[in-house]
> 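Quick one: structure below, then a few questions.
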2 protein chains.
Amino acid sequence: MRIGELAKATGTKAETIRYYEREGILPAADRTDSNYRDYSDEHLATLIFVRRARALGFTMAQVRELLALSDHEDKPCRDVDQLVQRQLGEVTRKIADLTSLQDELQHMLRSCQADRIGECRIVESLARPLR
Amino acid sequence: MRIGELAKATGTKAETIRYYEREGILPAADRTDSNYRDYSDEHLATLIFVRRARALGFTMAQVRELLALSDHEDKPCRDVDQLVQRQLGEVTRKIADLTSLQDELQHMLRSCQADRIGECRIVESLARPLR
DNA sequence: CTTGACCTTGTAGTTACTACAAGGTGCATA
DNA sequence: TATGCACCTTGTAGTAACTACAAGGTCAAG
């Protein structure tokens with residue numbers, strides 16, 4: 001699979017894919033005789049993962065950490081455990097925030113369909129008292 | 001409430017708060033006699049909202065749109081409805097992805113606590129077939 | 001054998017901050 | 001009264017994570 005195909009399949013710019021390779025986010029692809037990058041299905045899966053994780057607000061550093069979990073055979077279980085705990089906490093917090101936002105958007109939709117403007121509590125949906 | 005206090009309360013740099021004001025994300029604060037910015041509880045709520053939304057992967061443009069929903073009295077219901085539908089779709093997709101990631105992280109934690117290294121499917125958790 | 005879509009490396013621009021610097025004001029406290 | 005800290009302004013520059021463009025090479029279709 002060449003870079004353009006991979007780009008299309010993932011909605012990523014070819015430039016961004018090469019950037020990920022430079023940054024070590026995506027492993028370097030094999031090269032064809034004419035020096036073109038030749039991607040595998042694993043590359044595809046990793047890139048989809050990276051793009052989703054980025055869209056969910058994870059930094060590159062966090063994405064790197066998450067990817068590193070993939071080959072945790074060589075690391076002590078305790079370290080992996082700690083990292084996973086930390087990521088899990090962040091994921092759970094994000095889900096809570098998004099669910100709250102979802103509730104509010106659904107509420108707005110209902111009141112809009114009823115054709116009467118209800119109070120909009122969208123800011124409050126995320127700005128409720130800190131946990 | 002002065003800028004330093006607001007910064008502390010929200011974990012935002014004072015520079016960033018002034019930047020948000022320049023960008024029109026945060027309404028300009030009142031000024032004291034000595035020209036200090038004087039923030040209200042609404043400012044606080046808005047800033048918490050902005051920071052959370054940004055952490056959830058929304059762009060500044062999307063945050064602007066979401067904030068605009070707060071004063072939708074002056075806009076036709078149909079427009080608001082469309083925007084809300086769109087945002088709702090994105091929020092729902094994010095929740096699905098995060099839930100999938102959460103499942104995988106929890107699975108890793110269990111297998112780690114059992115002190116045997118299980119297969120890591122973290123990439124697959126987000127890279128499953130596109131919907 | 002040319003056209004156009006692809007590929008390469010490299011540089012520069014964009015977004016959303018973040019950090020200084022320089023120079024000034026406000027205000028509590030030793 | 002002096003010290004020191006938080007704040008004000010404008011401005012420049014750095015960072016992260018892309019994104020675009022330039023200059024030139026490769027390749028399959030018509």
Side-chain angles (χ1 to χ4, degrees), chain A residues 1-40 43-44 46-68 87 90 94 97 126, chain B residues 1-40 43-44 46-68 87 90 94 97 126:
Chain A
M1 181 184 239
R2 296 203 301 192
I3 202 167
E5 207 179 333
L6 183 64
K8 205 164 195 176
T10 59
T12 312
K13 301 274 146 62
E15 276 102 343
T16 306
I17 297 171
R18 286 189 284 261
Y19 165 76
Y20 285 157
E21 185 182 306
R22 278 199 305 283
E23 296 297 311
I25 286 283
L26 207 59
D30 290 346
R31 294 300 180 116
T32 66
D33 293 345
S34 44
N35 202 30
Y36 287 4
R37 285 173 180 85
D38 186 23
Y39 292 98
S40 68
H43 281 104
L44 175 63
T46 303
L47 183 53
I48 293 172
F49 176 86
V50 170
R51 293 260 91 194
R52 295 243 176 106
R54 291 284 302 119
L56 293 169
F58 292 96
T59 63
M60 293 279 270
Q62 287 172 319
V63 172
R64 248 182 262 270
E65 282 188 353
L66 286 167
L67 285 174
Q87 295 287 4
E90 180 149 352
K94 281 178 194 239
D97 280 350
L126 289 189
Chain B
M1 180 183 238
R2 297 202 300 193
I3 201 167
E5 206 180 335
L6 183 63
K8 205 162 194 179
T10 59
T12 312
K13 301 273 145 65
E15 274 106 340
T16 305
I17 297 171
R18 285 189 282 259
Y19 166 75
Y20 284 155
E21 185 182 304
R22 278 200 304 284
E23 295 299 309
I25 286 282
L26 207 60
D30 290 346
R31 297 299 181 117
T32 64
D33 291 347
S34 45
N35 203 29
Y36 286 6
R37 285 173 181 84
D38 186 22
Y39 293 98
S40 67
H43 281 105
L44 175 64
T46 304
L47 183 54
I48 292 171
F49 175 86
V50 170
R51 294 258 93 193
R52 295 244 175 106
R54 292 283 303 118
L56 292 169
F58 292 95
T59 63
M60 292 280 270
Q62 287 173 320
V63 171
R64 248 181 262 270
E65 281 188 353
L66 286 167
L67 285 174
Q87 296 286 4
E90 179 150 353
K94 279 178 195 241
D97 279 352
L126 289 189

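All values below come from the heavy atoms of this structure, side chains included, with hydrogens, waters and symmetry mates left out. A note on names: the letters A, B, ... follow the listed sequences, proteins ahead of strands, and every chain is numbered from 1.
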> Determine whether A/Phe49 and A/Leu66 make a side-chain contact, defined as any pair of heavy atoms from C-beta on separated by less than 4.5 Å.
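Of all side-chain heavy-atom pairs linking A/Leu66 with A/Phe49, at least one is under 4.5 Å.
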> Can a side-chain donor-acceptor contact be found between A/His43 and A/Thr46 if the only test is distance below 3.5 angstrom?
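Distance-only check fails for A/Thr46 and A/His43.
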> Roughly how far apart are A/Leu26 CG and A/Thr12 OG1, rounded to 0.5 Å?
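Output value for this atom pair is 9.5 Å.
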> Whole Å only: how far is the CZ atom of B/Arg2 from the P atom of D/dC8?
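Atom-to-atom, B/Arg2 to D/dC8, this comes out as 8 Å.
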> At under 4.0 Å between heavy atoms, what does B/Thr32 touch on the DNA or RNA strands: base, sugar-phosphate, or nothing?
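If one applies the 4.0 Å heavy-atom cut-off, B/Thr32 turns out to touch nothing in the nucleic acid.
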> Would you mind reading off the distance between A/Met1 atom CE and C/dC6 atom P, rounded to a whole angstrom?
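Spelled out: CE on A/Met1 to P on C/dC6 is 14 Å.
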> Within the structure, does a side-chain N or O atom of A/Tyr20 lie under 4.0 Å from either OP1 or OP2 of D/dA17?
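Negative; the distance criterion is not met.
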> So which protein N/O to nucleotides 18-22 of chain C N/O distances come out below 3.5 Å?
residue : atom : partner : partner atom : Å
C/dT18  : OP2  : B/Thr16 : OG1          : 3.1

> Could you check how far CG of B/Asp33 sits from C1' of C/dG26, rounded to whole Å?
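B/Asp33 atom CG is separated from C/dG26 atom C1' by 11 Å.
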> Could you measure the distance from the CD atom of B/Glu90 to the CZ atom of B/Phe58? Nearest 0.5 Å is fine.
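Those atoms lie 5.5 Å apart.
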> Tell me the interatomic distance from B/Met60, atom CE, to C/dA16, atom P, rounded to whole angstroms.
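In whole Å, C/dA16 P and B/Met60 CE are 5 Å from each other.
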> Tell me, which pairs form a salt bridge (charged side-chain N to carboxylate O under 4.0 Å, His left out) where one or both residues lie in residues 1-15 of chain B, sequence neighbours left out?
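Applying salt bridge (charged side-chain N to carboxylate O under 4.0 Å, His left out) to every pair that reaches into residues 1-15 of chain B, excluding sequence neighbours, yields nothing.
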> Take atom CG of A/Leu6 and atom P of C/dC6, then tell me their distance rounded to the nearest Å.
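Spelled out: CG on A/Leu6 to P on C/dC6 is 14 Å.
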> Let me know the distance between CZ of A/Arg64 and C1' of D/dA16, rounded to the nearest Å.
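After rounding, the reported distance stands at 11 Å.
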> State, with a plain yes or no, whether a side-chain heavy atom of A/Arg54 is found less than 4.5 Å away from one of A/Met60.
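Yes, close enough: below the 4.5 Å cut-off.
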> Considering heavy-atom distances to DNA chain C, does A/Tyr36 or B/Arg54 have its closest nucleotide positioned more toward the 5' end?
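Nearer the 5' end of the strand: A/Tyr36.
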> So, is A/Arg18 close to the C/dT8 phosphate, meaning a side-chain N or O under 4.0 Å from OP1 or OP2?
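For C/dT8, OP1/OP2 do have a side-chain N/O of A/Arg18 under 4.0 Å.
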> Specify the separation, in whole Å, of atom CG of A/Asn35 and atom P of D/dG24.
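From A/Asn35 CG to D/dG24 P: 19 Å.
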> Taking all non-hydrogen atoms of both residues into account, name the closest pair between B/Lys94 and A/Ala55 and its distance.
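For B/Lys94 versus A/Ala55, the nearest heavy atoms are NZ-O, 2.9 Å.
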> Using whole Å, what does the distance between atom P of nucleotide C/dC7 and atom CG of A/Asp38 come to?
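In whole Å, C/dC7 P and A/Asp38 CG are 11 Å from each other.
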> Look at all strands and tell whether A/Arg37 reaches a base, only sugar-phosphate, or nothing, counting heavy atoms closer than 4.0 Å.
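If one applies the 4.0 Å heavy-atom cut-off, A/Arg37 turns out to touch the sugar-phosphate alone, with no base involved.
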